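Worksheet: one structure, shown below.
In this text the structure is predicted, and so the values were computed from the model without any measurement. Residue numbering restarts at 1 for every chain, and letters A, B, ... go by the order of the sequence lines.
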Amino acid sequence: MNTDELISLLSNQVTQVDRRAIARRFVQALLIGAAGSLVLMSIVFGVRHDLGSVAGTGIFWAKLAFPLAVAIGALLVIARIGRPGARAGYAWALVALPFAAVWIAGWMIVDNAGPNARAALVLGQTWRTCPFNILLLSMPTFPAAMWAMRSLAPTRLRLAGAVVGLLASSTATIVYCLHCPEMSPAFWGVWYAIGMLLPALIGAWTGPRFLRW
Amino acid sequence: MSHDAESRLKALFISGLAGDQNAYHSFLQALTRHLRGYLRKRIPHRLDDVEDLVQEILLAVHNARHTYRSDEPLTAWLHAIARYKLMDFFRSHARRESLNVPLDDHEELLAAADDEPAQARHDIGKLLEHLPDKQRLPIVHMKLEGLSVTETARLTGLSESAVKVGVHRGLKALAAKIRGLR
């Protein structure tokens, strides 16, 4: 088949492009992924017993807002770097902002605390397992987010893979908040951040393989 | 001149996205001329590969056409795809020449046009035969013979949505097969 025939093949019966297909794919992927994480979380870790009472506190929602903001930032970056020739630009700031906010809050809390209380604020009860729990809960969201990213056309595959990993892990972290008993921003700023970055690294590593087109 | 080319190509492409087959056909023809000129300058020592790459980029542009946003310059979008495929080509050939080829700004894509087709080394028609029936048949009936979705569905016994999905997946699988040949 020569190039003229290929052109005819591509243009015959070309139909109107469905511009909402991408958004639909991402909504599907995130819903399926989050549902998977939710099931995994309730089987492996269990919902925290005091969720009813803690849900009335501002700090619980602040904790939830952290990964939620990261996920929204990651989605905005994906919407740009998934399209050839577009730069993420200001969207990166939206990814960085929640991290900066949590670090500032954590630093202030540790700074105000007495010397004996500081370690507990940063290490909490669960610092040894927290990042790996988030990694585990990312297992359903990671392939789902990769699948959604494949509907776009990223040209920098490592970067795209990393942001996909971050989207997957931040979604998983939202779910993890329903279990995790830690209520100190200093804790989130270290261990949640590490937990969210691990899948991002895996995404950067596997991106060239999964996202090539 | 390349500014003219941008607005002319963009008008054709936008009409193509809305389903205008003639405009889309003209767009692909014009793009092909630009791609040949662009690639012949980039890989002058591998002219044999130019037509293969042209076809691969056309297929990539077609498969990614839903990612274009009309508020962005079309040239930048096209250039990013051409550059991505060219880099992929260099990587799979793992040659030192990738370091020497200037990959300059996107204005260059529309700077030179070349009308002369060369022979492609891979045969897309043959590759098509390796696709599973539910992808191959919709492509053959709809895209080669120009039948409608409804006619293709009746002929193949597939549902209309299966026909659309078959074409979509088939063209993606075709692009993957070309990639695998390198």
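- To the nearest 0.5 Å, atom CD of residue E51(B) and atom OG1 of residue T3(A) are 3.5 Å apart.
- Judged by the 6.0 Å and 45° rule, R36(B) forms no cation-pi pair with Y38(B).
- Top candidate by heavy-atom pairs under 4.5 Å with chain B, chosen from T155(A), L10(A), V17(A), is L10(A).
- In this structure, the portion of R150(A) lying under 4.5 Å from any heavy atom of chain B is its backbone and not its side chain.
- Note: R69(B) leads K172(B), Q29(B), R69(B) in heavy-atom pairs under 4.5 Å with chain A.
- In this structure the side chain of M183(A) reaches within 4.5 angstrom of the side chain of K63(A), judged on heavy atoms.
- Counting heavy-atom pairs under 4.5 Å between each of A86(A), G82(A), A153(A), S8(A) and chain B puts S8(A) at the top.
- For a residue to count as touching a neighbouring chain, one of its non-hydrogen atoms must lie under 4.5 Å from one of that chain's; by this rule L59(B) touches chain A with backbone and side chain alike.
- Between chain A and the options V149(B), L147(B), L171(B), the largest number of non-hydrogen pairs under 4.5 Å is found for L147(B).
- Relative ring orientation between H62(B) and Y24(B) is described as tilted, the plane-to-plane angle lying within the 30° to 60° band.
- Proximity to chain B (any heavy atom under 4.5 Å) is shown, for I7(A), by both the backbone and the side chain.
- Remark: K10(B) is not positioned above the aromatic ring of W77(B), lacking an NZ or CZ atom under 6.0 angstrom from the ring centre and at most 45 degrees off the axis.
- When only modelled atom types and interatomic distance are considered, S148(B) and E151(B) share a side-chain donor-acceptor pair under 3.5 Å.
- Using a 4.5 Å cut-off between heavy atoms, I22(A) contacts chain B through its side chain alone, with no backbone atom that close.
- For the atom pair I43(B) CD1 and L53(B) CG, the distance stands at 5.0 Å (nearest 0.5 Å).
- Using a 4.5 Å cut-off between heavy atoms, A60(B) contacts chain A through both its backbone and its side chain.
- For chain A, the nearby part of I139(B) is the side chain; its heavy atoms alone come within less than 4.5 Å.
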*Go through L157(A) and R209(A) one step at a time and tell me if the side-chain contact (heavy atoms from CB on, under 4.5 Å) criterion holds.*
CA-CA 8 Å; L157(A) 303 185; R209(A) 195 167 330 145; over 6 Å; no
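- Contact of P154(A) with chain B is made through the backbone alone, with heavy-atom distances under 4.5 Å.
- Looking at F27(B), neither its backbone nor its side chain comes within 4.5 Å of chain A, counting heavy atoms on both sides.
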